[in-house]
Amino acid sequence: MKQDTQKQTIAPEPTNTGVTKLSLPRTIHLVPLDCVDGFEIRPGFYEINGATAIPGGVNFTVYSRGATSIELLLFRRMEDEPFAVIPFPAHYRIGNVYSMIVFKLSIEEFEYAYRVDGPYDPEKGLIFDKNRYLLDPYAKAVTGQSQWGVSAPWGQHYRARVVKDDFDWGDMASPLLPVEDLIIYELHVRGYTKHDSSGVFHPGTFDGLMEKLPYLLELGVNVVELMPIFEFDEMQDYREIDGEKLYNYWGYNTVSFFSPNTSYTASTEYNREGNELKNLIRIFNQHGIEVFLDVVFNHTAEGNENGPFFSFKGFDNNIYYMLTPDGKYYNFSGCGNSLNCNHPVVHQMILDCLRYWTITYRVNGFRFDLASILGRDEYGAPMNEPPLLQSLAFDPILGNVKLIAEAWDAAGLYQVGTFPAWNRWAEWNGKYRDDLRRYLKGDDGMAQAAAMRIAGSKDLYNTNNRKNASVNFITCHDGFTLYDLYSYNEKHNQKNGWDNTDGANDNASWNCGAEGETGSVLINGLRHRMMRNAFAILMCSRGIPMFLAGDEFCNTQFGNNNAYCQDNITSWLNWNLLKENQDMFRFFQYMIRFRKEHRILRANISDGACGFPDTSFHGVTPWHSQFAGHEHYVGILFAGQEKNKPPQIVYVASNAYWEELDVRLPHLPADMHWELAADTWEAEQRTNIFTENTFTIQARSVMVWAAKER
């Protein structure tokens with residue numbers, strides 16, 4: 001190693017006063033360059049993590065507390081061995097940060113990785129290995145992953161590319177939808193359009209999803225929540241069972257937090273990775289649809305001590321992961337390891353990551369998988385005020401971003417209603433799902449719990465003054481589809497290869513009289529009515545509704561309630577079912593529109609209206625809040641009035657009993673009458689004016705009434 005320029009000295013210059021002052025020489029090289037392996041280098045920008053193109057070269061910044069040295073490796077595309085190895089000079093390290101600018105390096109001409117040397121003492125969590133190629137934790141694109149189902153030629157030696165961020169957002173602004181107005185549609189990017197029936201030009205990709213924008217607008221949802229799109233390795237745990245290829249299809253095994261999954265693009269985006277996703281977000285936002293990402297910060301794809309070793313383990317294993325006293329991995333995620341989220345270094349990386357996706361991709365919201373792990377300390381104990389969660393709640397860049405927690409983890413920590421929130425976080429309300437499933441299928445004693453959930457789970461959130469905290473759902477990716485919920489009593493996961501031992505056993509499902517597909521008109525009619533019941537209740541519940549893509553046209557997973565590995569017709573949406581079940585699609589459309597037209601279902605807009613309180617519970621006889629008269633019936637009345645607008649009064653009647661019931665409606669003022677807005681007994685909905693206060697609700701059905709001025 002040599003320097004191209006001589007180090008300059010500054011000589012003191014005497015003054016007439018006798019005081020010595022310093023003067024600069026006429027010419028001075030403030031930035032001496034080193035030369036290594038044919039490349040000119042100099043110390044870089046220490047506060048810019050990752051690899052960043054700058055005028056004349058590339059800035060590489062990486063950090064490790066335990067490392068004794070780090071080398072930068074440069075590769076040509078598809079070549080196994082590096083064409084250059086550039087050690088970070090010792091004087092390029094400040095604190096635990098190594099930073100270097102490499103000049104005359106074109107981003108199109110190389111890929112990169114690191115080698116890190118340091119102590120090896122597994123019981124202390126130190127497992128440095130100078131022979132391993134390591135992926136930059138701040139990599140903006142991962143190579144070798146662009147073709148689904150094909151391992152990179154160099155195995156799990158992931159490499160990164162430098163991304164040119166030149167996407168033109170124009171004058172696009174985020175829709176900034178009020179939280180109370182959100183209707184979330186959860187989908188898997190690949191599975192949404194991969195089936196031939198999707199009819200798109202680019203199946204299984206971001207572009208394929210964008211081709212479905214007219215459909216989403218027709219359906220009426222205003223948020224799409226994408227299951228993991230961070231770079232993951234679908235080949236991890238790849239197996240073949242009875243000739244069927246099983247992948248890590250869902251993607252809950254993050255390889256790189258800052259990189260989009262390049263196998264979800266319609267074309268290869270060398271050094272412009274992410275542009276297709278950015279275009280999707282831009283177009284969706286322009287049409288009033290926000291895009292949320294399902295993010296996985298609770299663990300990584302490196303697994304436990306028997307898992308792969310490609311990034312975090314090699315930089316600072318004992319910092320990135322929660323370790324037991326003997327150096328093993330705590331496994332609160334059920335996936336082998338748990339990210340040490342509240343360590344300051346990991347905390348900062350997660351914050352940097354979310355800021356990056358918010359600024360660079362304009363993401364509108366994040367749903368955090370197994371978010372309770374984000375509130376544990378380095379020993380796994382739950383914290384009262386976790387620093388990470390507090391930082392995310394108050395970070396200025398994230399100020400308009402929606403934050404949603406899956407408020408539990410795989411180790412039994414369940415925080416629904418108690419997740420540390422600072423009135424900023426919403427939660428997947430697992431109690432809503434469980435209580436409504438049991439009530440709707442007719443379990444005894446569930447009416448009061450169901451009523452509480454429909455009214456906004458005030459028992460969980462009002463005590464903490466948390467508004468719009470409940471994300472209500474009956475189905476999601478994890479579990480039965482809505483059609484399967486009423487077609488199967490038991491899970492049928494044999495094709496997953498675990499002898500049907502995987503997946504939840506307590507699904508609160510009901511097959512309506514036959515397990516799986518049947519030709520019975522009676523049973524199929526009941527199943528469809530049960531689906532309409534569930535969706536009508538969901539759209540008439542206070543909180544943020546979310547449902548699983550395909551539920552609107554009876555998509556099935558054939559009884560598989562844990563289809564994480566099924567990259568096939570089990571998980572792909574079969575769009576032929578949309579043609580077969582147009583009546584169900586129209587019902588979903590109708591109820592979404594009804595919700596949008598009645599703000600009283602979404603929020604408390606006043607203290608009530610026409611003498612009614614904001615919410616009130618009723619049995620088959622009005623004002624029997626203890627549900628006297630029948631334990632399988634729930635009546636809920638919502639009432640309110642916005643300034644200078646007519647009052648809004650909606651009565652939701654649900655009968656989970658197997659026989660019809662006679663019900664009395666609350667009396668309205670003389671200048672108003674009830675209109676029947678929805679009746680799940682019938683597939684097609686039509687508004688009927690009702691002049692009486694007594695009605696008959698059919699067995700296992702839901703009716704929705706709206707008060708109108710005469």
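Just so you know, these numbers come straight off a predicted model, no measurement behind them.
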Asks: Have Ser457 and Asn429 got a donor and an acceptor in their side chains that come within less than 3.5 Å?
Replies: yes
Asks: For residues 605-613, run the donor-acceptor check on the side chains, cut-off 3.5 Å, and write out each pair with its distance to 0.1 Å, sequence neighbours left out.
Replies:
{"from": "Ser606", "atom 1": "OG", "to": "Gly608", "atom 2": "N", "distance (Å)": "3.1"}
{"from": "Ser606", "atom 1": "OG", "to": "Gly608", "atom 2": "O", "distance (Å)": "2.8"}
{"from": "Ser606", "atom 1": "OG", "to": "Gln641", "atom 2": "N", "distance (Å)": "3.0"}

Asks: For Gln286, does the CD atom have more than 12 heavy-atom neighbours from other residues, nucleotides or ligands under 6.0 Å away?
Replies: yes
Asks: Check side-chain hydrogen bond (donor to acceptor under 3.5 Å, both in side chains) between Asn524 and all other residues, then give those that pass, not counting sequence neighbours.
Replies: none
Asks: Classify the side-chain pair Glu660/Asn655 by whether it contains a donor and acceptor separated by less than 3.5 Å.
Replies: no
Asks: Under a 3.5 Å threshold, yes or no: a donor from one side chain and an acceptor from the other, between Glu552 and Tyr185?
Replies: yes
Asks: Classify the side-chain pair Tyr252/His477 by whether it contains a donor and acceptor separated by less than 3.5 Å.
Replies: yes
Asks: Carefully, step by step, assess His632 and Trp658 under the rule ring pair (Phe, Tyr, Trp, His ring centres under 6.0 Å).
Replies: CA-CA 9 Å; His632 292 91; Trp658 43 91; 5.4 Å; yes
Asks: Please confirm whether the backbone N or O of Pro666 pairs with a side-chain atom of Trp674, one donor and one acceptor, at under 3.5 Å?
Replies: yes
Asks: Could you check whether atom CZ of Arg599 has more than 12 heavy atoms from other residues, nucleotides or ligands sitting under 6.0 Å from it?
Replies: yes
Asks: Give me the ring orientation class for Trp408 and Tyr414: parallel if the planes are under 30° apart, tilted from 30 to 60°, perpendicular past 60°.
Replies: parallel
Asks: Between Tyr215 and Tyr192, what is the ring plane arrangement, given parallel below 30°, perpendicular above 60°, and tilted in between?
Replies: tilted
Asks: Would you check if the side chain of Ser654 reaches a backbone N or O of Val702 as a donor-acceptor pair within less than 3.5 Å?
Replies: no
Asks: Please evaluate residues Cys565 and Tyr249 with respect to the criterion side chain to side chain contact (heavy atoms under 4.5 Å, CB included), reporting the C-alpha separation (whole Å), side-chain torsions for both, the decisive distance (0.1 Å), and the verdict.
Replies: CA-CA 5 Å; Cys565 57; Tyr249 166 78; 5.6 Å; no
Asks: Considering all heavy atoms of both residues, which atom of Tyr461 and which atom of Ala469 are nearest to each other, and what is their separation?
Replies: CD2-CB, 3.6 Å
Asks: Would you call the rings of His618 and Tyr651 parallel, tilted or perpendicular, taking 30° and 60° as the class edges?
Replies: tilted
Asks: When you look at Phe638 and His598, which way does the ring pair (Phe, Tyr, Trp, His ring centres under 6.0 Å) test go after all the steps?
Replies: CA-CA 10 Å; Phe638 299 98; His598 294 82; over 10 Å; no
Asks: Mind listing the closest non-hydrogen atom pair of Gly430 and Val416 along with its distance?
Replies: N-CG2, 4.1 Å
Asks: Among side-chain atoms of Lys431 and Ser470, is any donor-acceptor pair under 3.5 angstrom?
Replies: no
Asks: Going by the rule side-chain hydrogen bond (donor to acceptor under 3.5 Å, both in side chains), which residues pair with Ser541 if we only count those two or more places apart in sequence or in a different chain?
Replies: Tyr432
Asks: Between Arg595 and Leu601, what is the shortest heavy-atom contact and its length?
Replies: NH1-O, 3.8 Å
Asks: Examine the side chains of Asn364 and Ser174 and answer whether a donor and an acceptor come within less than 3.5 Å of each other.
Replies: yes
Asks: Let's go through Phe535 and Phe588 carefully: what are the C-alpha distance in whole Å and the side-chain angles of both, what is the deciding distance for ring pair (Phe, Tyr, Trp, His ring centres under 6.0 Å) to 0.1 Å, and is it a yes or a no?
Replies: CA-CA 7 Å; Phe535 195 72; Phe588 273 57; 3.7 Å; yes
Asks: Between Ile544 and Asn472, is a side chain to side chain contact (heavy atoms under 4.5 Å, CB included) present by the stated rule, with each step listed?
Replies: CA-CA 6 Å; Ile544 305 166; Asn472 301 328; over 6 Å; no
Asks: Compare every heavy atom of Lys491 with every heavy atom of Gly503, then report the nearest pair and how far apart it is.
Replies: O-NZ, 3.1 Å
Asks: Ignoring hydrogens and geometry beyond distance, is a side-chain donor-acceptor pair present between Asn561 and Asp484 at under 3.5 Å?
Replies: no
Asks: Is there a donor-acceptor contact under 3.5 Å linking the side chains of Asp662 and Thr696?
Replies: yes
Asks: For the residue pair Met546 and Thr475, what are the closest heavy atoms and their distance?
Replies: CE-O, 4.1 Å
Asks: Between His492 and Glu515, do the side chains contain a donor N or O and an acceptor N or O under 3.5 Å apart?
Replies: yes
Asks: Between Trp425 and Phe419, is a ring pair (Phe, Tyr, Trp, His ring centres under 6.0 Å) present by the stated rule, with each step listed?
Replies: CA-CA 8 Å; Trp425 288 78; Phe419 190 79; 5.5 Å; yes
Asks: Mark yes when over 12 heavy atoms from residues, nucleotides or ligands other than Lys596 sit less than 6.0 Å from its NZ; otherwise mark no.
Replies: yes
Asks: I want to check a possible cation-pi pair here: Lys212 against Trp575, using under 6.0 Å from ring centre and within 45° of the ring axis as the test.
Replies: yes
Asks: Take Arg664 and Phe695, measure what side chain to side chain contact (heavy atoms under 4.5 Å, CB included) needs, and give me the verdict at the end.
Replies: CA-CA 6 Å; Arg664 290 206 337 247; Phe695 66 94; over 6 Å; no
Asks: What are the two closest heavy atoms between Ile697 and Ala653, and how far apart are they?
Replies: CD1-O, 3.6 Å
Asks: When you check the side-chain N and O atoms of Asn562 and Asn493, is any donor under 3.5 Å from an acceptor?
Replies: no
Asks: Among side-chain atoms of Ser372 and Gln415, is any donor-acceptor pair under 3.5 angstrom?
Replies: yes
Asks: After noting the C-alpha distance and the side-chain angles of Phe553 and Met584, does the key distance pass the side chain to side chain contact (heavy atoms under 4.5 Å, CB included) rule?
Replies: CA-CA 6 Å; Phe553 53 75; Met584 187 65 68; 5.8 Å; no
Asks: Is Glu290 salt-bridged to Lys402, going by a charged N under 4.0 Å from an acidic O?
Replies: yes
Asks: Do the side-chain N and O atoms of Tyr657 and Glu631 include a donor-acceptor pair separated by under 3.5 angstrom?
Replies: no
